[in-house]
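Below, read A as the first sequence line, B as the second, and so on, with proteins coming before strands; counting in each chain starts at 1. What you see below is based on every heavy atom in this structure, not just the backbone, and it leaves out hydrogens, waters and symmetry mates.
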Amino acid sequence: TQLLEQSPQFLSIQEGENLTVYCNSSSVFSSLQWYRQEPGEGPVLLVTVVTGGEVKKLKRLTFQFGDARKDSSLHITAAQPGDTGLYLCAGADALRLGNQFYFGTGTSLTVIP
Amino acid sequence: GAVVSQHPSRVICKSGTSVKIECRSLDFQATTMFWYRQFPKQSLMLMATSNEGSKATYEQGVEKDKFLINHASLTLSTLTVTSAHPEDSSFYICSARDRSRGFTGELFFGEGSRLTVL
């Protein structure tokens, strides 16, 4: 079950451009994480947000958790080819035993040099 | 940092055979491990939650008799794909949460296992 919808699904941009990826759900999450995955490898955690309205910055990446804890966004400034990859949001469902993480539909980003 | 190891990383088998994939947490104890399935260029689909010492919790639509999960210790969970068929070919990924970091702790992922059923 995928409770989180990401948009856009695919994104191809030129080096130096800015972009925003959205992660939306009708469910409330206790926490939300963003991952980046390269082909043939497991996802790597970028950030965890737990408070509604929270904003976190990681170099050129800015993450925001919606006030109602139902959505999140990832903004990349001045994208570089090294940013290419599959970006996944994942929400922790506090109502389920084990607090499973459910992943979003994914956004495949290609940054062209 | 914490490491989760999966084995094998790649496996090719004939249709009808069973394949076991191991997921180990190398430097922390994991009360709970998660198994995901991923098709090319798609996201991770949660298959089941593996709880140490108890039965796994399967997501809707996942056949528990087809995908057997055993979590015998705090550092090892196994996924066995029984009587594999070509449609079971996929990338299987496990993840584990460090029990000492609580429910909002980071998920540590294995390297993934690429299963190809001929």
Hphob cluster co-occupancy, A:Leu4 + A:Leu45, side-chain heavy atoms under 4.5 angstrom: yes

Please flag which part of B:Gln6 lies under 4.5 Å from any non-hydrogen atom of chain A: side chain, backbone, both or neither. neither

Which one wins on heavy-atom pair count under 4.5 Å against chain B: A:Pro43, A:Gly40, A:Ser108, A:Ala90? A:Pro43

More than 12 heavy atoms of other groups within 6.0 Å of A:Arg60 CZ: yes

B:Phe109 ring center near A:Phe103 ring center (under 6.0 Å): yes

According to a hydrophobic-cluster definition based on side-chain heavy atoms being under 4.5 Å apart (Ile, Leu, Val, Met, Phe, Trp, Tyr only), do B:Leu76 and B:Leu74 belong together? no

Near B:Lys55 NZ, under 6.0 Å, is it more than 12 heavy atoms from other residues, nucleotides or ligands? no

Heavy-atom pair of closest approach, residues A:Glu41 and B:Phe91: O-CE2, 3.8 Å

Answer yes or no: are there more than 12 heavy-atom neighbours, outside A:Lys56 itself, under 6.0 Å from its atom NZ? yes

Please report the interatomic distance CG(B:Leu44) to OH(A:Tyr102), rounded to the nearest 0.5 Å. 13.5 Å

Taking a hydrophobic cluster as the set of Ile, Leu, Val, Met, Phe, Trp and Tyr residues connected by side-chain heavy atoms closer than 4.5 Å, whether directly or through intermediates, do A:Phe65 and A:Tyr22 fall within one such cluster? no

As an exercise, state the distance from OG of B:Ser43 to CD of A:Gln9, rounded to the nearest 0.5 Å. 10.0 Å

Testing the basics here: between B:Gln42 and A:Leu86, what is the closest heavy-atom pair and its distance to 0.1 Å? O-CD2, 3.8 Å

